[in-house]
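Remember, it's a predicted structure, so these values are computed and weren't measured experimentally. All residue numbers refer to positions in the sequence shown, counting from 1.
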Amino acid sequence: MSGYWPFSTQDITWSFDSGLPDPTTFPIDDLTRLSAAVLRDDAAAALQYGTGHDGGIMYGYMGLRHAIAERANARDGTTVDERSIVLTSGGIQGISLGCRAFMDQGDVVAVEAPTWGAVLMAANQLGAEVIAVPMDDDGMRVDQLEEQLATLQSDGKRLKMLYTIATFNTPTGLSMSADRRRRLVELAEQWGFLVMEDNVYGDLRYQGERLPTLRSLDQSGLVFTIESFSKTLAPGLRLGWVNGHPEVVAALSSVRGDLGMSQWLSRLMERYLLEGLLDPHIAQVNELYRSKRDVAVKALEAHCSPWVRWAEPEGGFFLWLELDPSVDVEAVRERALEGGVACRPGERFFGDADDGRQFLRLAFSMVPVEEIERGIAVLGGAIAAGRRV
Ligand SMILES: Cc1ncc(COP(=O)(O)O)c(C=O)c1O
């Protein structure tokens, strides 16, 4: 991990680096109350390992799986039940199980460029070949994927799996259009590849119309969706899930190699969902993130706009900043750090380190709303000073 955090976090006043939820949104009172209630009513099961007979170890606590399936059905218009849900330690374990279950040495996997690095890292470890599909403001260029599929075929290869953050992509914050979603699902069926849909930011929409999940469009069973309470509620819960065809879910469970999720926290979250607390909480946090985005965009216009371009996201935590070629981004990052501002370097989001050098990812989620403008002003100063003359 050397070079991953190239600064001491103590020196950072404005951390635009990581996609962390704002800690002031954590629903501490409800979590305290429900945690105590579970211990009062159900301690023997809550503090025990899961039971074998109902898949409590391999798949997670049945009650929460059921509540998650019900919520997915209400949100997405699907008809899944608990057999389609496996609980995981955050979305990241769902991704890692998906890779371990379906990716072998020499397999070809596709990702968006840019993307979050977990699948790139897994492919590297497992010896899989990665192809990158470019994105534009409407998400993955599915037309280009089609060309890549034909090229693979003429090379005697086939695509095994595709990973997409179709809604509020990390790092761009942009989403795949509904038409492209439909086409991608058709292509998966036609060419027989799996689709791992990372939807950990999907509920954080504060503008525009909800887009259908790929999973809800799929009839073939090839699409499975990674979800999590980390971004909407609290990453410390370490509770996520995969929603897929029961056979896909069984394949993921068979490679998990742990003893399942916390029975206590799973029961707590079951109650949180059954009391109907999640969706009002999400509506509330989305108001906050919308105001943070608006303040960040205004500040970028005021302090950075001559040398920076961005597209405004309709949800999520990120702004993806493209700096003018006249700007030395490395120098900007150093100067910004000296001023107490951290942003994530763009090249972290590409398989090929030469790509993304003119980009910075700015996460506006965690910095207090009243601090955002001052931080972006410092960044703007660093950009102005970082121009090659
Ligand atoms: C795109 C994406 N997927 C998955 C995760 C994993 O989140 P968690 O494991 O906390 O659910 C993250 C976290 O930053 C992310 O950005």
Side-chain angles (χ1 to χ4, degrees), residues 9 12-31 75 91 116 137 139 165-175 199-211 227-237 272 276-306 308-322 336 339-344 359-383:
T9 45
I12 300 303
T13 310
W14 298 277
S15 181
F16 297 120
D17 181 71
S18 302
L20 306 186
D22 186 324
T24 64
T25 65
F26 296 157
I28 296 166
D29 290 344
D30 281 327
L31 296 183
R75 185 189 70 183
W116 196 54
D137 287 359
I165 313 165
T167 307
F168 312 136
N169 160 277
T170 305
T172 65
L174 302 175
S175 301
N199 197 37
V200 299
Y201 293 100
D203 281 324
L204 293 173
R205 174 177 288 285
Y206 32 77
Q207 189 182 321
E209 293 288 304
R210 178 179 274 284
L211 289 158
E227 304 222 30
S228 169
F229 295 121
S230 287
K231 308 297 180 181
T232 51
L233 204 69
L237 291 164
Y272 194 85
L277 297 174
L278 183 62
D279 289 309
H281 174 80
I282 290 174
Q284 212 179 347
V285 299
N286 278 342
E287 282 302 308
L288 176 67
Y289 294 131
R290 185 216 322 263
S291 68
K292 289 191 177 199
R293 180 210 55 186
D294 291 347
V295 169
V297 165
K298 254 196 168 146
L300 285 168
E301 279 160 2
H303 302 286
C304 306
S305 64
V308 179
R309 290 193 307 132
W310 64 89
E312 210 169 297
E314 294 188 330
F317 290 171
F318 307 116
L319 279 153
W320 181 233
L321 309 182
E322 181 175 9
V341 169
C343 289
R344 182 85 37 114
F359 289 86
L360 291 171
R361 187 190 73 175
L362 185 143
F364 51 80
S365 47
M366 201 182 64
V367 175
V369 70
E370 62 282 3
E371 285 291 330
I372 289 175
E373 172 161 20
R374 283 208 301 144
I376 291 180
V378 172
L379 179 66
I383 293 172

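- In this structure, Gly19 and Arg361 approach most closely via the heavy-atom pair N-NH2, 3.7 Å.
- The closest donor-acceptor contact from the side chain of His303 to the backbone of Val378 lies at 3.5 Å or more, if one exists at all.
- Heavy-atom contacts from other residues, nucleotides or ligands closer than 6.0 Å to CD of Glu370 number more than 12.
- Under a 4.0 Å N-O distance rule, the pair Glu301/Lys298 does not qualify as a salt bridge.
- With contacts defined as side-chain heavy-atom distances shorter than 4.5 Å, the pair Cys304/Ile376 qualifies.
- Between Tyr272 and Phe229, the gap from one ring centroid to the other reaches at least 6.0 Å.
- Annotation: the span from Thr167 atom OG1 to Glu314 atom CD amounts to 10.5 Å, rounded to 0.5 Å.
- Side chain of Trp14 to main chain of Arg374: no donor-acceptor pair is present (N/O by atom type, distance under 3.5 Å, no hydrogens or angles).
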Evaluation steps, side-chain contact (heavy atoms from CB on, under 4.5 Å), between Leu379 and Leu362:
CA-CA 10 Å; Leu379 179 66; Leu362 185 143; 3.9 Å; yes
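- To the nearest 0.5 Å, the span separating CG on Leu31 from CZ on Phe26 amounts to 9.5 Å.
- In the displayed structure, Gln284 atom CD is contacted under 6.0 Å by at most 12 heavy atoms of other residues, nucleotides or ligands.
- Residues Lys231 and Leu204 share a closest heavy-atom pair of CB-CD1, 3.8 Å.
- For the ring-ring contact (aromatic ring centres under 6.0 Å, His included) criterion with Tyr201, the lone passing option out of Phe318, Tyr206, Phe168 is Phe318.
- Of the possible donor and acceptor atoms, one in the side chain of Asn286 sits under 3.5 Å from a partner among the backbone N and O of Arg205.
- Inter-residue side-chain proximity for Ser365 and Asp22 is flagged as unmet; no heavy-atom pair is nearer than 4.5 Å.
- Heavy atoms of other residues, nucleotides or ligands lying less than 6.0 angstrom from CZ of Arg290 number more than 12.
- The side-chain heavy atoms of Phe317 and Pro171, taken from C-beta on, include no pair separated by under 4.5 Å.
- Rounding to the nearest 0.5 angstrom, the gap separating the CG atom in Asp17 from the SG atom in Cys343 is 7.5 Å.
- Summarising the geometry of Leu288 relative to Ser291, their closest heavy-atom pair is O-OG, 2.8 Å, with the distance given to 0.1 Å.
- Side-chain atoms of Ser15 and Met366, non-hydrogen and from C-beta on, do get closer than 4.5 Å to each other.
- Within the 4.5 Å cutoff, side-chain heavy atoms of Leu321 are placed close to those of Leu300.
- The structure places OG1 of Thr232 at 9.0 Å from OH of Tyr289, a figure rounded to the nearest 0.5 Å.
- Crowding of Arg75 atom CZ: a count of heavy atoms from other residues, nucleotides or ligands under 6.0 Å exceeding 12.
- The aromatic rings of Trp320 and Phe359 lie parallel to each other, their planes meeting at an angle below 30°, with 60° marking the opposite boundary.
- Although no hydrogens or angles enter the test, the distance criterion places a donor-acceptor pair under 3.5 Å between the side chain of Arg293 and the main chain of Pro313.
- Separating the OG1 atom in Thr25 from the CG atom in Leu233 is a distance of 8.0 Å, to the nearest 0.5 Å.
- Rounding to the nearest 0.5 angstrom, the gap separating the OG atom in Ser305 from the CH2 atom in Trp310 is 5.5 Å.
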Evaluate side-chain contact (heavy atoms from CB on, under 4.5 Å) for Asp203 paired with Arg210, printing each intermediate quantity in order.
CA-CA 9 Å; Asp203 281 324; Arg210 178 179 274 284; 3.0 Å; yes
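- Between Pro21 and Ser230 the shortest heavy-atom distance is CG-O, 3.5 Å.
- Using a 4.5 Å heavy-atom threshold, the side chains of Asp29 and Pro27 count as separate.
- When all heavy atoms of Leu319 and Ala296 are compared, the pair lying nearest together is CD1-CB, 3.8 Å.
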